[in-house]
S.K.: 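My structure is below; once you've seen it, I'll send some questions.
All heavy atoms count here, side chains included; hydrogens, waters and symmetry mates do not. Counting starts at 1 for both ligands and their atoms, following the listed order.
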Amino acid sequence: MYKEDQGLSEKRPPIILFTGFLGSGKTTLLLKTIEILSKENKKCAIIINEIGDVGIDNREMKMLGYDVLDLFGGCVCCTMKVTLEVTINHLLHEYEDLDYILFEPSGMAQPSSMYPAILHCGYEDAEILNVFIFDPGRAYLYKERMNKLFLDAIDLAKSVVVNKIDQAPRVEINEAVKMVNEINPNMKLFKMNIDQGLSSEFHQFLLERG
Ligand SMILES: Nc1nc2c(ncn2[C@@H]2O[C@H](COP(=O)(O)OP(=O)(O)OP(=O)(O)O)[C@@H](O)[C@H]2O)c(=O)[nH]1
Ligand SMILES: [Mg+2]
């Protein structure tokens with residue numbers, strides 16, 4: 001009712017959700033993504049768990065014209081659902097001309113736990129661009145110790161970025177690709193060294209979803 005009152009029912013900025021386990025490269029990808037999007041004159045808002053954690057300088061980001069909303073208190077999955085919902089609603093009502101919302105949940109958060117809050121803001125699954133960042137050097141860990149978490153995360157992902165290909169031996173990269181393809185053949189897969197920049201295919205993928 002609130003949304004209709006505000007006349008905001010039609011266009012919502014897609015949410016790009018950067019999921020992936022600790023240290024996989026989420027923040028690096030988020031930062032490169034806003035760089036690309038802002039060059040295309042897209043207006044982005046970023047939601048992250050704790051600014052200090054990810055090394056984003058709030059003042060610097062604000063000077064560049066980005067909105068950084070800090071969800072204090074750590075893990076979104078267990079304690080921050082209400083806050084996430086409030087934050088997204090706030091963005092939708094305060095900034096009507098947003099092109100994208102970028103969100104990096106904590107590396108400990110189960111991606112599926114983010115969905116209820118986002119869907120509650122009126123989003124549909126198709127508007128949530130869930131990008132899972134996968135460090136192939138950790139494939140053994142996902143396979144043996146975190147299988148359930150991994151299956152859920154890949155199953156929900158619209159895209160998987162197999163990252164750090166500069167570090168991983170080819171056999172590990174191939175194994176990582178095989179693992180994700182077996183779980184979710186519908187997602188779009190990219191192999192990248194995010195530190196060096198984003199591939200033009202990924203760039204295109206982002207803009208197509210805008
Ligand atoms: N060699 C290499 N290092 C990378 C690549 N992408 C990211 N890194 C490095 O990996 C480290 C972790 O990257 P982050 O982007 O902070 O990872 P994160 O997933 O946000 O980490 P948490 O938020 O702590 O879970 C940083 O030192 C990055 O510079 C890559 O493609 N190759
Ligand atoms: Mg991070």
S.K.: Closer than 4.0 Å to some heavy atom of Leu22 - which atoms of ligand 1 meet that?
M.R.: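 In order of number, 25 (O).
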S.K.: Can you name the atoms of ligand 1, numbered from 1 with element, that are less than 4.0 Å from a heavy atom of Thr27?
M.R.: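 Close to Thr27: 15 (O), 18 (P), 20 (O).
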S.K.: Judged on heavy-atom distance to atom 10 (O) of ligand 1, which of Lys164, Glu104, Lys32, Lys26 sits nearest?
M.R.: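 The nearest heavy atom belongs to Lys164.
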S.K.: Just to be sure I read this right, does ligand 1 sit under 4.0 Å from the backbone of Leu29, its side chain, both, or neither, counting only heavy atoms?
M.R.: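 For Leu29, there is no contact with ligand 1 at all, from either part.
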S.K.: For ligand 1, which atoms have a heavy atom of Asn193 less than 4.0 angstrom away?
M.R.: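 Those atoms are 30 (C), 31 (O), 32 (N).
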S.K.: Quick one: which of Ile88, Asp97, Ile101 gives a side chain to side chain contact (heavy atoms under 4.5 Å, CB included) with Pro13?
M.R.: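 Running side chain to side chain contact (heavy atoms under 4.5 Å, CB included) over Ile88, Asp97, Ile101 with Pro13 returns exactly one hit, Ile101.
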S.K.: Between side-chain atoms of residues 165-175 and protein atoms elsewhere (two or more places apart, or another chain), which donor-acceptor pairs fall under 3.5 Å?
M.R.:
from, atom 1, to, atom 2, distance (Å)
Glu175, OE2, Lys143, NZ, 2.4

S.K.: Report the C-alpha separation of Leu91 and Ile15 in whole Å, then their side-chain angles, then the decisive distance to 0.1 Å, and conclude whether the side-chain contact (heavy atoms from CB on, under 4.5 Å) test is met.
M.R.: CA-CA 11 Å; Leu91 287 174; Ile15 296 189; over 6 Å; no
S.K.: Within Thr28, is some N, O or S atom less than 2.8 Å away from the Mg ion (ligand 2)?
M.R.: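 Of the N, O and S atoms in Thr28, none lies under 2.8 Å from the Mg ion (ligand 2), which means no.
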S.K.: In the structure I gave you, are the side-chain heavy atoms of Leu198 and Leu29 within less than 4.5 Å of one another anywhere?
M.R.: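 Answer yes - side chains close enough.
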S.K.: Using a strict 4.0 Å cut-off to heavy atoms of Gln167, name the atoms of ligand 1 that fall inside it.
M.R.: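 Close to Gln167: 1 (N).
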S.K.: Ignoring angles and geometry beyond distance, decide whether Gly23 reaches within less than 3.5 Å of ligand 1 through its nitrogen or oxygen atoms.
M.R.: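 Yes.
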S.K.: Test your reading of the structure: does Gly25 have an N or O sitting under 3.5 Å from an N or O of ligand 1?
M.R.: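 Yes.
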S.K.: Is any side-chain heavy atom of Tyr115 less than 4.5 Å from a side-chain heavy atom of Leu156?
M.R.: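 In short, these two side chains touch, coming nearer than 4.5 Å.
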S.K.: Given side-chain hydrogen bond (donor to acceptor under 3.5 Å, both in side chains), test Asn163 with Ser24 step by step and report yes or no.
M.R.: CA-CA 7 Å; Asn163 186 29; Ser24 54; over 6 Å; no
S.K.: For atom 13 (O) of ligand 1, state which one of Thr28, Ile194, Ile133 supplies the nearest heavy atom.
M.R.: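 Shortest heavy-atom distance from atom 13 (O) of ligand 1: Thr28.
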S.K.: What atom name does the N, O or S atom of Glu104 nearest to the Mg ion (ligand 2) carry?
M.R.: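 Nearest N/O/S atom: OE2.
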S.K.: Is the Phe21 ring parallel, tilted or perpendicular to the Phe150 ring (thresholds 30°, 60°)?
M.R.: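 Tilted, since the angle between the ring planes falls between 30° and 60°.
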S.K.: For Lys32, I'd like to know if atom NZ has over 12 heavy atoms of other residues, nucleotides or ligands within 6.0 Å.
M.R.: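 Correct, the count exceeds 12.
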